[in-house]
Amino acid sequence: MKVAIGIIVAVLVVLGLFFFFDMDQTQDGELPNVEVTGGEMPEYDVEAGDVDVGTTERTVTVPTVDIESPEEEAVEGQ
(Lines give C-alpha, C1' and ligand atoms only; values in the text may rest on other atoms or scores of the structure.)
Protein backbone atom coordinates (compact mmCIF):
# COMPACT_ATOMS: atom_id res chain seq x y z
CA MET A 1 0.00 0.00 0.00
CA LYS A 2 2.82 2.39 0.87
CA VAL A 3 4.58 1.58 -2.40
CA ALA A 4 1.45 2.37 -4.41
CA ILE A 5 1.05 5.70 -2.62
CA GLY A 6 4.73 6.48 -3.27
CA ILE A 7 4.35 5.72 -6.97
CA ILE A 8 1.22 7.87 -7.23
CA VAL A 9 2.98 10.77 -5.47
CA ALA A 10 6.01 10.42 -7.78
CA VAL A 11 3.79 10.44 -10.87
CA LEU A 12 1.92 13.51 -9.61
CA VAL A 13 5.21 15.33 -8.91
CA VAL A 14 6.52 14.53 -12.40
CA LEU A 15 3.27 15.66 -14.02
CA GLY A 16 3.24 18.80 -11.89
CA LEU A 17 6.78 19.68 -12.96
CA PHE A 18 5.90 18.95 -16.59
CA PHE A 19 3.00 21.40 -16.58
CA PHE A 20 4.74 23.91 -14.28
CA PHE A 21 7.02 25.23 -17.04
CA ASP A 22 5.96 26.97 -20.25
CA MET A 23 8.84 27.16 -22.70
CA ASP A 24 8.78 29.08 -25.99
CA GLN A 25 11.72 29.41 -28.39
CA THR A 26 12.53 33.11 -28.85
CA GLN A 27 15.56 32.81 -31.16
CA ASP A 28 16.82 30.24 -33.63
CA GLY A 29 20.09 28.52 -32.84
CA GLU A 30 23.04 28.18 -35.20
CA LEU A 31 26.04 25.91 -35.23
CA PRO A 32 29.45 27.59 -35.02
CA ASN A 33 31.71 27.84 -38.07
CA VAL A 34 34.63 25.49 -37.70
CA GLU A 35 37.70 25.45 -39.92
CA VAL A 36 40.13 22.57 -39.91
CA THR A 37 43.53 23.01 -41.50
CA GLY A 38 46.64 20.89 -41.56
CA GLY A 39 46.95 17.64 -39.73
CA GLU A 40 48.13 14.28 -40.87
CA MET A 41 46.75 10.78 -40.69
CA PRO A 42 48.81 8.39 -38.58
CA GLU A 43 50.81 5.68 -40.30
CA TYR A 44 50.68 2.02 -39.30
CA ASP A 45 52.88 -0.92 -40.19
CA VAL A 46 50.61 -3.96 -40.05
CA GLU A 47 51.71 -7.53 -40.62
CA ALA A 48 48.92 -10.09 -40.87
CA GLY A 49 49.18 -13.84 -40.97
CA ASP A 50 48.41 -15.89 -44.07
CA VAL A 51 44.97 -17.39 -44.41
CA ASP A 52 44.58 -20.44 -46.63
CA VAL A 53 41.03 -21.12 -47.75
CA GLY A 54 40.25 -24.40 -49.41
CA THR A 55 37.40 -26.78 -50.01
CA THR A 56 36.84 -30.33 -48.85
CA GLU A 57 34.19 -32.64 -50.27
CA ARG A 58 31.97 -34.17 -47.59
CA THR A 59 28.93 -36.45 -47.69
CA VAL A 60 26.14 -35.38 -45.38
CA THR A 61 22.97 -37.35 -44.70
CA VAL A 62 20.01 -35.00 -44.87
CA PRO A 63 16.65 -36.07 -43.45
CA THR A 64 13.68 -36.05 -45.80
CA VAL A 65 10.49 -34.29 -44.85
CA ASP A 66 7.13 -35.44 -46.18
CA ILE A 67 4.35 -32.88 -45.83
CA GLU A 68 0.79 -33.73 -46.68
CA SER A 69 -1.75 -30.94 -46.97
CA PRO A 70 -5.37 -31.48 -45.84
CA GLU A 71 -6.47 -31.63 -49.50
CA GLU A 72 -4.07 -34.54 -50.19
CA GLU A 73 -5.32 -36.42 -47.13
CA ALA A 74 -8.93 -36.01 -48.30
CA VAL A 75 -8.07 -37.35 -51.77
CA GLU A 76 -6.21 -40.33 -50.29
CA GLY A 77 -9.10 -41.12 -47.92
CA GLN A 78 -11.70 -41.45 -50.71
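These numbers come from a predicted model, not from an experiment.
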Residue list, side-chain contact (heavy atoms from CB on, under 4.5 Å) with Leu12, at least two apart or on another chain:
Ile8

Between Gln27 and Gln25, which heavy-atom pair has the shortest distance, and what is it?
O-NE2, 3.1 Å

If I take atom CD from residue Glu30 and atom CG from residue Asp28, how far apart are they, to the nearest 0.5 angstrom?
9.5 Å

Hey, can you pull the donor-acceptor pairs under 3.5 Å for the side chains in residues 48-63, sequence neighbours left out?
none

